[in-house]
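The block underneath contains the structure these notes are about, expressed in structure tokens.
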There are 2 protein chains.
Amino acid sequence: MHKKQIKLSDLAEELGISTATVSRALKNYPDISAETKQKVIALANKWNYRPNSLAASLRNKETHIIGVIIPEVVNHFFAKVIKGIMEVAYDAGYRVMLCQSNEDYDKEVDDAHALLSSRVDGLLASLANHTRTFEHFYDFMDSGTPVVFFDKTSPEIKDCSKVIIDDYSGAYQAVESLIQQGCKRIAHLQGPGNAHTFQNRLRGYLTALKDYQLPVDPDLIIECPEFTLNRGRLSAHQLVALPKGVDGLFAVTDLLAIGAMKGFREKGIQVPEEVAIIGFSNWEMVEAVFPPLSSVSQPGYEMGRQATQILLKEIKASKNEEDITHETVTLATELVVRGSSKSV
Amino acid sequence: MHKKQIKLSDLAEELGISTATVSRALKNYPDISAETKQKVIALANKWNYRPNSLAASLRNKETHIIGVIIPEVVNHFFAKVIKGIMEVAYDAGYRVMLCQSNEDYDKEVDDAHALLSSRVDGLLASLANHTRTFEHFYDFMDSGTPVVFFDKTSPEIKDCSKVIIDDYSGAYQAVESLIQQGCKRIAHLQGPGNAHTFQNRLRGYLTALKDYQLPVDPDLIIECPEFTLNRGRLSAHQLVALPKGVDGLFAVTDLLAIGAMKGFREKGIQVPEEVAIIGFSNWEMVEAVFPPLSSVSQPGYEMGRQATQILLKEIKASKNEEDITHETVTLATELVVRGSSKSV
DNA sequence: AAGGATCACGAAATCGTTTTCGGAGCTAAA
DNA sequence: TTTAGCTCCGAAAACGATTTCGTGATCCTT
């Protein structure tokens, strides 16, 4: 049973003044006497008054809430992004409504509509792997609510800011490093769908091979529908079984790389002596496996922070009716070489 | 610049009917003619009408939002809890406002106040390690807003439901298993603060030793202020340096255990031959390290689901003015033995 | 033809805050 | 003494959706 929450008029009645005065006293307006302010604040504390932000938001047309749509929460990279988002948001007095699309386009649309109904002040979004239409995001932009995409986005979306990482270069560097240490048959464990991040990593792989005049063997490119250790393990088995074998591997994500490492070991293949492996994301656990996994760093925390900073800037500009210039920030990656491959 | 969002009165005006009728038509009330309903729905779709849930919530005194306070987002266990929460909430038509206390008591209080101001319909919370007073939660209960604690809670908090893990038994089983495979000097890497979960794991460790007449050596119990690989690694070094050595280790969490494994290896100690190791949480990565880490399973996803189900049940009861009976659900743990210790 | 039931809708209050106008009372300047 | 300028506060109108009463039709019954 919901007991009554204290409201402004309760305070006003008790003190024999109007709600207007109470409201202004609590917000420290200049034209309220010090004496009144003090009385109001004292009573508000005593009665544990918590303003109803629904009413305030309705009146002010701003909620101080930002919506976040993310494909998957149980993912070390996205978790770090969320942390970055929440810290910057909190410091600016904003709260976060989090939605997980679960890599499901329909749910993504549904979440977007709900956040629009909630009148969030801005939206941060990362696309599901199979999202191809963007009307649910255009709805935000049309209503004047800033949207910033991070990580998984699409070049088709115009007129809005983005924070991405340089997947292409990261992948290129990784594969180049494998080539320079003598690998001739380099496999790639590829991500699912047409997500641009994964496509860019694939492109980096292909371009590196081409630049060094290595042939592209379709047998060496395996699309992994989900990112699990086991999927990486099975892919390694598949590669070992190839007539021409394999001597290097670049995986679209660390979990697959580690799984593959395990799969190779099961088949008696030495890492890095017989197969050199490089992953992508550089999350903490890569140092824990043996040999430690070389990986391309993917700065999730920084991505979350920057995306939120840009969003807050646009929210502010939007409020002041200034015009906003959208920007695309590309965060650099870095190849961190460890025991699973050789430094060159 | 915020362009105007369509509202009920816009639709009403266009159709030459009242907002009351529009509202009822959209909600499929029985006393609106089929013809009118259809016209309203058609226009709402055409104009992309999104109801302002602030206004609706203000009027209805329910937001369909549940608040979540969690110590840390970048944590595999909590990430799974969040996933469980969000799925159950979504299926019931609820949204989630997520707050991360960052293991900071003051921020926890601040978050609680903000969620109260947002008039969330219910709260799910897990305590920060150093939280000792609970007024900020009692505020919710006093106002009639259901609260359910999960994982990190306190027996001091009465009259509310909880979903916890049987940390004590899990720890006991782990240590018992080490004893049964012959370990005599078993170390424990302990969690920080007075968090009850960690205390219970410590208690399981101590009781197992006592039950098997093994002495408790304070040198073998190391409190780890943070959960990082490196902290585990350094703790292992510290243990190796003990005059009497160490032949078993139970860590309060997997990350520390894996770090310790690395630390032992660096000192030339064989796992599990010279030191057997068991962790806690059983997250996916334990299978990736070598040797695979034995660990106590900690069902985070299930915890999130159950906590949310209980909360929704209490919200419903509260709405119907039924009285609610609080419950404490204890989820079972299970020792999963892998290569880092022997099965007995 | 009168009474009652049913149908389809509208007027207006309501949720709790914020803010735009003021307006009363007082002081100081002319 | 009038006027202007302060200081401090209140009345009331928003914000947008929901819902409680109604009310005017229409149809059926007798």
Side-chain angles (χ1 to χ4, degrees), chain A residues 2-40 44 47-65 114 116-121 143-144 319, chain B residues 2-41 43-44 47-65 114 116-121 143-144 319:
Chain A
H2 261 266
K3 295 168 202 100
K4 215 185 60 199
Q5 298 257 46
I6 303 294
K7 50 191 170 185
L8 272 188
S9 57
D10 296 327
L11 300 178
E13 194 177 0
E14 173 77 8
L15 294 171
I17 56 181
S18 74
T19 63
T21 303
V22 176
S23 174
R24 282 183 283 226
L26 290 172
K27 297 195 122 56
N28 202 23
Y29 273 48
D31 59 348
I32 300 292
S33 72
E35 187 194 6
T36 305
K37 274 183 194 170
Q38 185 238 305
K39 279 198 302 190
V40 169
W47 283 5
N48 228 329
Y49 169 69
R50 303 279 160 222
N52 183 326
S53 41
L54 294 172
S57 295
L58 178 60
R59 165 72 216 220
N60 293 335
K61 291 176 168 301
E62 56 174 351
T63 54
H64 280 261
I65 296 174
L116 199 48
S117 264
S118 293
R119 299 296 190 263
V120 294
D121 289 346
S143 78
K319 203 160 59 179
Chain B
H2 260 265
K3 295 170 203 97
K4 216 185 58 200
Q5 298 258 45
I6 304 294
K7 49 191 172 188
L8 272 190
S9 56
D10 295 328
L11 301 179
E13 195 178 358
E14 172 77 8
L15 294 171
I17 56 183
S18 74
T19 63
T21 303
V22 177
S23 173
R24 283 183 281 226
L26 290 173
K27 298 194 119 56
N28 202 24
Y29 273 48
D31 59 348
I32 300 292
S33 72
E35 187 194 6
T36 305
K37 273 182 192 168
Q38 186 239 306
K39 278 197 304 189
V40 169
I41 292 171
L43 186 65
W47 282 6
N48 230 327
Y49 168 69
R50 302 280 160 222
N52 183 327
S53 41
L54 295 172
S57 296
L58 178 60
R59 164 74 216 226
N60 293 335
K61 291 178 168 300
E62 56 174 352
T63 53
H64 279 261
I65 297 174
L116 199 48
S117 263
S118 294
R119 298 298 190 265
V120 293
D121 289 348
S143 78
K319 202 160 60 178

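To find a chain, count down the sequence lines: A is the first, B the second, and so on, and within it residues start at 1. All heavy atoms count here, side chains included; hydrogens, waters and symmetry mates do not.
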Ignoring hydrogens and angles, write down the donor-acceptor pairs under 3.5 Å from the side chains of residues 8-16 of chain B, residues two or more places apart or on other chains.
{"from": "D10(B)", "atom 1": "OD2", "to": "K7(B)", "atom 2": "N", "distance (Å)": "2.9"}

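- Taking both residues in full, the closest heavy atoms of P30(A) and K37(A) are given as CA-NZ, 4.3 Å, listed atom of the first, atom of the second, then distance.
- Residues satisfying the side-chain hydrogen bond (donor to acceptor under 3.5 Å, both in side chains) criterion with N48(A), sequence neighbours excluded, are R50(A), D139(B).
- Every residue two or more places apart in sequence or in another chain that forms a side chain to side chain contact (heavy atoms under 4.5 Å, CB included) with A55(A) is listed here: N52(A), L58(B).
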Got a list of protein N/O to nucleotides 8-10 of chain D N/O distances below 3.5 Å?
{"from": "dC9(D)", "atom 1": "OP1", "to": "T36(A)", "atom 2": "OG1", "distance (Å)": "2.7"}
{"from": "dC9(D)", "atom 1": "OP2", "to": "S33(A)", "atom 2": "N", "distance (Å)": "3.0"}
{"from": "dC9(D)", "atom 1": "OP2", "to": "S33(A)", "atom 2": "OG", "distance (Å)": "3.3"}
{"from": "dC9(D)", "atom 1": "OP2", "to": "T36(A)", "atom 2": "OG1", "distance (Å)": "3.2"}
{"from": "dC9(D)", "atom 1": "N4", "to": "D31(A)", "atom 2": "OD2", "distance (Å)": "3.1"}
{"from": "dG10(D)", "atom 1": "OP2", "to": "S18(A)", "atom 2": "N", "distance (Å)": "2.9"}
{"from": "dG10(D)", "atom 1": "OP2", "to": "S18(A)", "atom 2": "OG", "distance (Å)": "2.9"}
{"from": "dG10(D)", "atom 1": "OP2", "to": "T21(A)", "atom 2": "OG1", "distance (Å)": "2.4"}
{"from": "dG10(D)", "atom 1": "N7", "to": "R24(A)", "atom 2": "NH2", "distance (Å)": "3.0"}
{"from": "dG10(D)", "atom 1": "O6", "to": "R24(A)", "atom 2": "NH1", "distance (Å)": "3.1"}
{"from": "dG10(D)", "atom 1": "O6", "to": "R24(A)", "atom 2": "NH2", "distance (Å)": "2.9"}

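- S117(B) places no side-chain N or O within donor-acceptor distance of the main-chain N or O of S53(A), the cut-off being under 3.5 Å.
- Distance NE2 (H64(B)) to P (dA17(D)): 16 Å, rounded to an integer number of Å.
- Taken residue by residue, residues 7-15 of chain A places heavy atoms nearer than 4.0 Å to DNA chain C at K7(A), L8(A).
- In this structure, the side chain to side chain contact (heavy atoms under 4.5 Å, CB included) partners of T63(B), at least two apart in sequence or on a different chain, are L54(A), S57(B), I65(B), R119(B), D121(B).
- Take D31(A) and apply the side-chain hydrogen bond (donor to acceptor under 3.5 Å, both in side chains) test, not counting sequence neighbours, and it matches no residue.
- Contact detail for W47(B) and I6(B): the closest heavy-atom pair is O-CG1, 3.5 Å.
- Partners of T36(A) according to the side-chain hydrogen bond (donor to acceptor under 3.5 Å, both in side chains) rule, which considers only residues two or more places apart in sequence or in another chain, are S33(A).
- Distance CG (L26(B)) to P (dA17(D)): 10 Å, rounded to an integer number of Å.
- Here E62(A) pairs with K319(A) under the salt bridge (charged side-chain N to carboxylate O under 4.0 Å, His left out) rule; sequence neighbours left out.
- In terms of the side-chain hydrogen bond (donor to acceptor under 3.5 Å, both in side chains) criterion, S118(B) has no residue partners (sequence neighbours excluded).
- Rounded to 10 degrees, the angle separating the terminal axes of the helix from dA1(C)-dT30(D) to dA30(C)-dT1(D) is 60°, with each axis obtained from five end pairs.
- To the nearest angstrom, C1' of dA17(D) lies 17 Å from CZ of R59(A).
- Counting heavy atoms from C-beta on, the side chains of I17(A) and V40(A) come closer than 4.5 Å.
- Once you apply a 4.0 Å limit to the heavy atoms of chain B, the touched nucleotides of DNA chain C run 5' to 3' over dA8(C) to dG16(C).
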